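Inspection log for the structure reproduced underneath, given as structure tokens.
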Amino acid sequence: MKPSIPKGTRDFSPQEMVRRNYIFDTVKQVFQLYGFLPIETPAMENMETLMGKYGEEGDRLIFKVLNSGDFLNGIDVNELQNANIKQLTSKISEKALRYDLTVPFARYVVQHQNEISFPFKRYQIQPVWRADRPQKGRYREFYQCDADVIGSNSLLNEVELVQLIDDVFTRLNLPVIIKINNRKILSGIAEVIGEADKIIDITVAIDKLDKIGVEGVNKELAEKGVGEEAIKKLQPLIEFKGTTTEKLNFLKTLLSTSAVGLKGIEELEFIFSKPSAGISEQSTLELDITLARGLNYYTGAIFEVKANAGSLSSSICGGGRYDDLTGIFGLPNMSGVGISFGADRIYDVLNELNLFPESVSASTKLLFVTFGEAEQNYCLPLLAKVRKAGVNSELYPDAKAKMKKQMSYADDKKIPYVVIVGSDEMNSGLLTFKNMTSGEQTKIDIETIINSVK
RNA sequence: GUGGCUGUAGUUCAGUUUGGUUAGAGCAUCGGUUUGUGGUACCGAGUGUCGUGGGUUCGAGUCCCAUCAGCCACCCCA
């Protein structure tokens with residue numbers, strides 16, 4: 001059998017893991033800096049926890065887990081043949097792999113509401129799974145790094161999240177463009193053009209503007225049954241260009257008859273008025289009226305971040321405010337706002353742009369090379385001493401291995417120093433100490449070695 | 001769910017156009033030159049059901065059909 005792994009999944013070798021940890025560590029540090037606390041939730045959730053939260057497309061992409069044991073128990077042949085997939089699925093599968101971290105978090109909050117003091121700021125870094133067709137920047141198993149504040153309506157949370165995003169990407173040295181919009185504005189627009197019930201179709205179409213252009217958007221709108229008149233009304237909005245202030249003023253006129261729309265504008269004005277605290281020079285903050293985001297549960301601000309360099313055009317971070325995610329689980333009036341970093345996509349971008357720092361490794365510094373068991377025994381206490389001094393070190397384990405083999409091992413592992421021990425060294429107590437970068441070697445005692453390696 | 005491209009050694013690929021003897025190369029791995037010296041040198045070694053199944057043919061890695069897998073794009077998304 002030829003070994004392989006499922007489509008869309010990957011192994012991570014040491015070099016990749018070191019780099020991935022660099023991303024996770026950076027994100028985690030910033031999360032903690034902003035006062036978020038960690039939680040974890042199980043890989044699997046009950047099916048009904050997940051279904052229906054992500055739209056129709058989302059349901060299709062949820063990985064279902066087959067019931068254990070005789071999963072066909074109680075299913076008759078007719079049912080199998082008539083194949084109402086949805087109904088059948090619910091009978092043979094009660095669990096599913098989590099699709100994101102936000103919905104499990106909402107479930108967690110409801111379930112643990114009595115232990116939590118609100119507002120609750122949590123972060124969560126775990127893999128999620130989607131039964132999507134893999135392609136560039138898209139995997140079936142990938143890590144999300146989420147930070148959410150729940151139980152607070154304050155728009156200051158939105159402001160903080162923008163700064164947090166900026167902080168993370170500044171630390172990663174990655175120039176990004178942070179786009180903001182507000183679902184209320186999109187609702188207002190749908191309302192004003194008289195197609196309030198088509199809000200989802202309209203936002204999805206508008207979202208594709210920079211990809212398929214004005215004509216493409218209009219075509220899609222028409223296909224979805226949006227009236228000609230309504231599409232016409234939409235044009236000035238789609239084509240509008242200007243500064244943030246200009247955009248907001250323009251929207252105020254356009255949405256003057258929509259209470260929701262005006263509320264959305266007010267919220268955005270607040271957010272844009274605050275971060276005088278500062279976005280770093282390498283990041284751009286932009287109000288993008290066409291930003292929509294597919295997830296159904298967003299109700300207020302929405303965020304999306306794209307790398308300002310490199311070939312990956314999809315978003316590397318996204319989020320928004322949801323007013324009633326916990327309502328479905330029985331806890332109403334609990335507003336939350338959060339963002340999610342896509343670690344794997346960030347990795348791809350940093351990798352392409354060569355932005356990983358050179359020295360992100362904590363590997364072995366010193367290797368003991370010996371000629372046999374006697375030498376190994378002589379080295380063991382020395383090894384313990386070196387480790388006690390806090391130096392990452394190891395002893396080549398196979399006593400019969402040739403020197404060449406041991407030296408190659410050090411070289412492959414990029415171990416900077418080697419200590420060679422044979423009978424001479426054991427007799428004199430002066431060990432051969434070799435600097436693998438310069439090739440120089442000297443005979444010194446173990447204390448001197450520790451001091452020069454530290 | 002829709003469309004396009006690609007499957008040959010551990011890996012990256014050549015060979016497919018125009019069917020013809022024993023299917024090659026780089027890298028990696030292992031061994032040796034050197035029983036106490038790596039990264040540079042030289043010598044040597046090994047591995048393939050040519051993705052799978054069927055068909056055409058005297059003969060198929062090469063042509064045809066099916067199937068599976070991977071990649072890319074759409075949809076959607078981190």
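So you know, we letter chains A, B, ... as the sequences are listed, proteins then strands, and number each from 1. Quick caveat, the model's predicted, so the values are computed rather than measured.
- Remark: the separation of the P atoms in C30(B) and U40(B) is 14 Å, to the nearest Å.
- Side-chain contact check for Glu394(A) and Tyr409(A): at least one donor-acceptor pair (N or O, by modelled atom type) lies under 3.5 Å.
- What separates CD of Gln406(A) from C1' of G38(B) is a distance of 11 Å, to the nearest Å.
- Look at CZ on Arg133(A): it is 11 Å from C1' on G4(B), rounded to the nearest Å.
- Between Lys136(A) atom NZ and A73(B) atom C1' there is a gap of 12 Å when expressed in whole angstrom units.
- Relative ring orientation between Phe36(A) and Phe31(A) is described as tilted, the plane-to-plane angle lying within the 30° to 60° band.
- Residue Ser313(A) is classed as having no contact, given no heavy-atom separation below 4.0 Å to the nucleic acid.
- The six-membered or imidazole ring of Phe169(A) lies near that of Phe341(A), with a centre-to-centre distance under 6.0 Å.
- Summarising the geometry, the separation between CH2 on Trp129(A) and P on C76(B) is reported as 25 Å, rounded to the nearest angstrom.
- Atom-to-atom, CD1 of Ile415(A) to P of G39(B) comes out at 15 Å; the value is rounded to the nearest Å.
- Gln441(A) comes within contact range of at least one nucleobase, with a heavy-atom separation under 4.0 Å.
- Under the stacking criterion of a centre-to-centre distance below 5.5 angstrom and an interplanar angle below 30°, Phe142(A) sits stacked against the six-membered ring of A78(B).
- Straight-line distance between the P atoms of A60(B) and C64(B): roughly 16 Å, to the nearest whole Å.
- The C1' atoms of A45(B) and G61(B) are separated by 25 Å, rounded to the nearest whole Å.
- Separating the C1' atom of A14(B) from that of C27(B) is a span of 15 Å, rounded to the nearest Å.
- Nearer the 5' end of RNA chain B, as judged by each residue's closest nucleotide, is the contact made by Val421(A), out of Val421(A) and Ala343(A).
- A donor and an acceptor atom sit less than 3.5 Å apart, one in the side chain of Arg138(A) and one in the base of C76(B).
- Note on Phe341(A): nothing from the nucleic acid sits closer than 4.0 angstrom, heavy atoms only.
- Pair assignment for U57(B): none, as no Watson-Crick or G-U wobble contacts are both less than 3.5 Å.
- Gly58(A) comes within contact range of no nucleotide atom at all, as no heavy-atom separation falls under 4.0 Å.
- Between Phe120(A) and Phe105(A), the ring planes are tilted. Angles from 30° to 60° get that label.
- Residue contacts shown for Asp344(A) are absent, as no nucleic acid heavy atom lies under 4.0 Å away.
- Using a 4.0 Å heavy-atom distance criterion, Lys208(A) is classed as a sugar-phosphate-only contact.
- Pairing for A14(B) is absent, judged as Watson-Crick or G-U wobble with the two contacts each under 3.5 Å.
- Rounded to whole Å, the distance from OH on Tyr139(A) to P on C72(B) is 8 Å.
- Base pairing annotation: U6(B) forms a Watson-Crick or G-U wobble pair with A69(B), both donor-acceptor distances under 3.5 Å.
- Taking the charged nitrogens against the carboxylate oxygens, Glu141(A) and Arg10(A) have no contact shorter than 4.0 Å, which rules out a salt bridge.
- Contact annotation for Glu425(A): base contact, defined as any heavy-atom pair under 4.0 Å involving a base atom.
- Salt-bridge annotation for Lys53(A) and Asp100(A): absent, with no side-chain N of the basic residue lying under 4.0 Å from a carboxylate O of the acidic one.
- The distance from atom NZ of Lys219(A) to atom P of C74(B) is 15 Å, rounded to the nearest whole Å.
- Using the six-membered ring where Trp is involved, Phe433(A) and Tyr417(A) have ring planes that are parallel, under 30° apart on the 30 and 60° scheme.
- The shortest distance between the side-chain N/O atoms of Gln135(A) and the OP1/OP2 oxygens of A73(B) is below 4.0 Å.
- Shown here, G39(B) forms no base pair; nothing in the strands shown gives a Watson-Crick or G-U wobble contact with both key distances under 3.5 Å.
- One interatomic measurement links the two molecules: CG of Leu61(A) to P of C74(B), which rounds to 15 Å at whole-angstrom precision.
- With hydrogens and angles ignored, no donor-acceptor pair closer than 3.5 Å exists between the side chain of Lys404(A) and the base of U37(B).
- For the pair Lys405(A) and G31(B), the criterion of a side-chain N or O lying under 4.0 Å from OP1 or OP2 is not met.
- U17(B) and U49(B) have their C1' atoms separated by 27 Å, with the value rounded to a whole Å.
- Between the C1' atoms of U8(B) and G24(B), the separation comes to 10 Å (whole Å).
- Checking G1(B) for Watson-Crick or G-U wobble geometry (two distances, each under 3.5 Å) identifies C74(B) as its partner.
- Of the two residues near RNA chain B, Ser423(A) and Ser314(A), the one whose nearest nucleotide lies more 5' is Ser423(A).
- Using a 4.0 Å heavy-atom criterion, one finds that Ile420(A) contacts the bases of the nucleic acid, with or without backbone contacts as well.
- You'll find a donor-acceptor pair under 3.5 Å spanning the side chain of Asp411(A) and the base of G38(B), going by distance alone.
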